[in-house]
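Note that ligands are numbered from 1 as they come in the structure, with each ligand's atoms numbered from 1 the same way. From a predicted model like this one, the values you see are computed outputs, not experimental measurements.
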Amino acid sequence: MNSNTDAIELTRRLESLVPRKLGALFKEYGMDVTDVLAGLKWKPLVLVIGNYSSGKSTFINEVLGREVQRTGQAPTDDSFTVLAGASPEESGREIPGSTVIRDENLPFQPLRHFGESLMSHFTMKQVYSPVLEDIAIIDTPGMLDSVTEKDRGYDYLGVIGELAKLSDLVVLMFDPHKAGTIKETYQVIRSTLTGSAGEDRVRYVLNRIDECDNITDLLRAYGTLCWNLSQMTGRKDLPRIYLTYAPCDDSRLPPGFEAWKGERDDLKKSLRSAPLLRLDHILQQVDTSVRELRILVEALEKFRQGFLAQLKSSIKTWGLVVLIAFLFGDTFTHIVAGYPDVSFLGALLSGHVEPGNLVWPFIWALVAACAGIFWVQKVKFPAYTKKVLGSVDSLVKLDTTYSMDLWQRVKGRVRELIKTNPFQQVRTSHARNLEKIDAFLSSDLKKFFRELGRER
Ligand SMILES: Nc1nc2c(ncn2[C@@H]2O[C@H](COP(=O)(O)OP(=O)(O)OP(=O)(O)O)[C@@H](O)[C@H]2O)c(=O)[nH]1
Ligand SMILES: [Mg+2]
């Protein structure tokens with residue numbers, strides 16, 4: 001797989017395969033397969049985030065080859081701007097956030113619940129630029145230290161998280177003045193980005209390096225950024241950090257800085273591979289969603305198995321009770337009330353058992369069996385369900401951080417499914433569904449990963 005055309009073709013195949021193979025299963029467990037493929041709705045998205053004044057808008061203007069976004073030293077942008085391709089005639093048109101977020105043909109509907117105040121800070125600009133034929137770019141307000149969520153009027157971190165989930169490539173920009181990073185950046189990386197965007201979709205950039213006085217100064221900023229990133233991502237290995245600066249008169253650069261001249265182009269090139277990354281992104285998303293479904297089904301199967309084990313022991317106990325009732329039930333009434341005249345045991349001992357002697361033993365056995373069923377249904381099963389709901393984590397093996405993350409996302413649904421219809425969960429053959437899911441993961445999806453050159 002090496003071209004964007006192949007990627008588009010593969011994306012189409014994936015789009016039809018997932019609903020065909022797993023649509024019904026997702027539905028059975030109350031999940032929507034269309035959510036999994038929501039990212040396929042529109043063009044590949046590039047999200048540009050970072051500290052205020054780190055040069056996000058300047059970089060975007062450079063990529064587009066036009067001055068589309070306002071730039072300036074103080075915090076400049078207070079809105080999210082989607083830059084979408086347009087014909088020369090349409091170029092320059094702006095579409096308000098409320099229309100963009102509600103448009104079903106665009107992927108931004110998950111932002112709806114951030115409310116009106118986000119809508120007034122969200123806009124789409126139509127721009128005529130060849131770059132925007134294959135991708136759309138989102139410019140964002142810079143991250144700040146002093147501004148609290150309330151001051152922004154909407155949940156900034158939540159919006160960034162949602163956009164990161166939708167985006168195929170995330171450019172995270174810092175500058176040497178703020179390589180120490182600031183509170184919001186820390187929170188974005190820690191709580192949002194690492195969870196929503198696969199790390200391979202993030203491009204870390206230290207921009208404005210031309211403002212360093214010399215290489216020592218640059219190394220200091222670079223070192224600080226590396227240290228902070230490792231603290232924030234929890235990674236021990238360092239991701240590549242692009243060291244870039246906006247094109248300027250080379251004579252202004254401190255000596256030795258020409259070495260990083262090509263980095264800006266490398267970064268720009270990586271934006272163009274967004275369609276390929278998108279397939280990767282969607283595959284990861286499908287993989288994650290299917291694994292989420294898997295862990296959910298696995299938990300329900302464990303619930304079912306646990307109940308069946310309880311049922312088995314109950315059957316053993318009640319089997320004995322039924323046998324005792326069968327053998328001694330009418331002897332008891334014979335002694336207490338004198339009825340029947342001859343008990344089953346009496347007939348057995350005298351060696352004259354007639355069909356009539358079996359009527360009461362059978363009735364006793366039936367009553368005992370019914371009592372057993374009632375006890376299982378009304379006492380044993382609710383007690384078991386209650387116990388499981390109280391320790392729902394024990395339904396799955398959580399031996400990796402990945403499985404813990406998956407579990408956190410589906411745990412509520414598992415609880416809900418058990419709570420609302422526990423008998424349904426016992427009746428369903430989750431094991432067969434697990435087999436279907438495993439077959440999809442190990443064969444169908446693996447094939448896609450292989451075609452993309454990513455072995456799993
Ligand atoms: N020296 C230098 N200045 C830059 C560079 N990139 C951007 N600038 C300047 O830095 C200032 C901020 O740039 P913007 O592109 O507005 O930054 P931003 O990240 O979009 O800022 P916000 O929208 O406020 O978050 C502007 O005055 C730019 O001209 C660079 O690589 N080197
Ligand atoms: Mg800006």
Side-chain angles (χ1 to χ4, degrees), residues 46-83 94 97 118 121-125 127 136-149 151-154 156-157 159-160 163-164 170-189 193 202-215 217-218 221-222 225 241-268 271:
V46 176
L47 177 69
V48 184
I49 57 179
N51 294 341
Y52 71 92
S53 295
S54 53
K56 300 180 292 296
S57 304
T58 308
F59 174 67
I60 291 173
N61 287 345
E62 189 186 322
V63 168
L64 299 181
R66 333 178 35 163
E67 293 297 307
V68 180
Q69 288 296 83
R70 241 166 17 103
T71 60
Q73 279 301 348
T76 306
D77 284 301
D78 73 341
S79 285
F80 291 85
T81 311
V82 180
L83 299 149
E94 268 197 48
L118 170 68
H121 288 92
F122 201 93
T123 179
M124 181 189 272
K125 279 189 191 170
V127 185
I137 301 177
I138 308 175
D139 194 5
T140 61
M143 295 164 190
L144 304 161
D145 226 354
S146 52
V147 169
T148 65
E149 228 167 67
D151 292 325
R152 290 211 191 250
Y154 57 86
Y156 174 79
L157 292 181
V159 176
I160 293 274
L163 288 174
V170 179
V171 176
L172 178 52
M173 212 171 250
F174 300 89
D175 61 285
H177 316 289
K178 299 182 273 314
T181 73
I182 46 187
K183 199 169 147 223
E184 272 190 335
T185 319
Y186 183 89
Q187 285 171 330
V188 163
I189 298 180
L193 213 52
V202 183
R203 300 284 173 271
Y204 296 92
V205 183
L206 181 59
N207 191 38
R208 296 178 69 162
I209 62 165
D210 57 306
E211 289 177 325
C212 293
D213 293 336
N214 47 47
I215 291 196
D217 199 19
L218 172 63
Y222 178 75
L225 182 57
I241 299 175
Y242 291 77
L243 300 174
T244 65
Y245 53 92
C248 64
D249 179 1
D250 281 358
S251 64
R252 261 189 43 216
L253 286 177
F257 273 49
E258 314 77 55
W260 289 286
K261 205 175 161 119
E263 298 259 304
R264 188 88 165 175
D265 288 333
D266 286 354
L267 180 62
K268 282 195 251 171
L271 300 203

Please state which protein non-hydrogen atom is closest to [atom] and give its distance, to 0.1 Å?
{"atom": "atom 30 (C) of ligand 1", "value": "R208 CG, 3.3 Å"}
{"atom": "atom 32 (N) of ligand 1", "value": "D210 OD1, 2.8 Å"}
{"atom": "atom 16 (O) of ligand 1", "value": "G72 N, 3.0 Å"}
{"atom": "atom 21 (O) of ligand 1", "value": "S53 N, 2.9 Å"}
{"atom": "atom 31 (O) of ligand 1", "value": "A246 N, 2.7 Å"}
{"atom": "atom 23 (O) of ligand 1", "value": "D77 OD2, 2.9 Å"}
{"atom": "atom 17 (O) of ligand 1", "value": "G55 N, 3.2 Å"}
{"atom": "atom 24 (O) of ligand 1", "value": "T76 N, 2.5 Å"}

Worksheet entry | Exercise: do D139 and S57 side chains pair donor with acceptor under 3.5 Å |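 S57 and D139 do have a side-chain donor-acceptor pair below 3.5 Å.
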Fill in: Short side-chain donor-acceptor distance under 3.5 Å, Q69 and K56
no
With atoms numbered from 1 as shown, which atoms in ligand 1 lie under 4.0 angstrom from a non-hydrogen atom of [X]?
{"X": "Y245", "result": "31 (O)"}
{"X": "Y52", "result": "25 (O)"}
{"X": "G142", "result": "25 (O)"}

Could you tell me whether [X] and ligand 1 have an N or O pair separated by under 3.5 Å?
{"X": "S57", "value": "yes"}
{"X": "T71", "value": "no"}
{"X": "T244", "value": "no"}

Using 0.5 Å steps for rounding, measure from the [atom1] atom of [X] to the [atom2] atom of [Y].
{"X": "E263", "Y": "I241", "atom1": "CD", "atom2": "CD1", "answer": "10.5 Å"}
{"X": "Y242", "Y": "R264", "atom1": "OH", "atom2": "CZ", "answer": "13.0 Å"}
{"X": "T81", "Y": "D78", "atom1": "OG1", "atom2": "CG", "answer": "9.0 Å"}
{"X": "T244", "Y": "R208", "atom1": "OG1", "atom2": "CZ", "answer": "11.0 Å"}

Discussion item. Heavy atoms only, cut-off 4.0 Å: how does K56 contact ligand 1, side chain, backbone, both, or neither?
Written reply: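 Contact part for K56 vs ligand 1: both backbone and side chain.
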Response to the item:
Short version for N207: what comes under 4.0 Å of ligand 1, heavy atoms counted, is side chain
Worksheet item: Quick check: does S57 put an N/O/S atom under 2.8 Å from the Mg ion (ligand 2)?
Response: yes
Worksheet entry | Closest heavy-atom pair and its distance - I209, W260 |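 Smallest interatomic distance, heavy atoms only, reads CD1-CB, 4.0 Å.
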Practice prompt. Identify the two heavy atoms, one from G50 and one from L172, that lie closest to each other, and give their separation to 0.1 Å.
Written response: CA-CD1, 4.1 Å
Worksheet item: Taking I137 as the fixed residue, which of L64, V171, L47 is the one that meets the side-chain contact (heavy atoms from CB on, under 4.5 Å) rule?
Response: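 That would be L64.
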Practice prompt. Can you figure out which of D78, N51, T58 has its heavy atom closest to atom 15 (O) of ligand 1?
Written response: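 Residue with the shortest heavy-atom distance to the ligand atom: T58.
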Discussion item. Could you check whether any side-chain N or O of D210 sits under 3.5 Å from a backbone N or O of L253, counting only pairs where one atom can act as donor and the other as acceptor?
Written reply: no
Item to complete: Go through the steps to decide whether F122 and Y154 satisfy the test side-chain contact (heavy atoms from CB on, under 4.5 Å), and finish with yes or no.
Response: CA-CA 11 Å; F122 201 93; Y154 57 86; over 6 Å; no
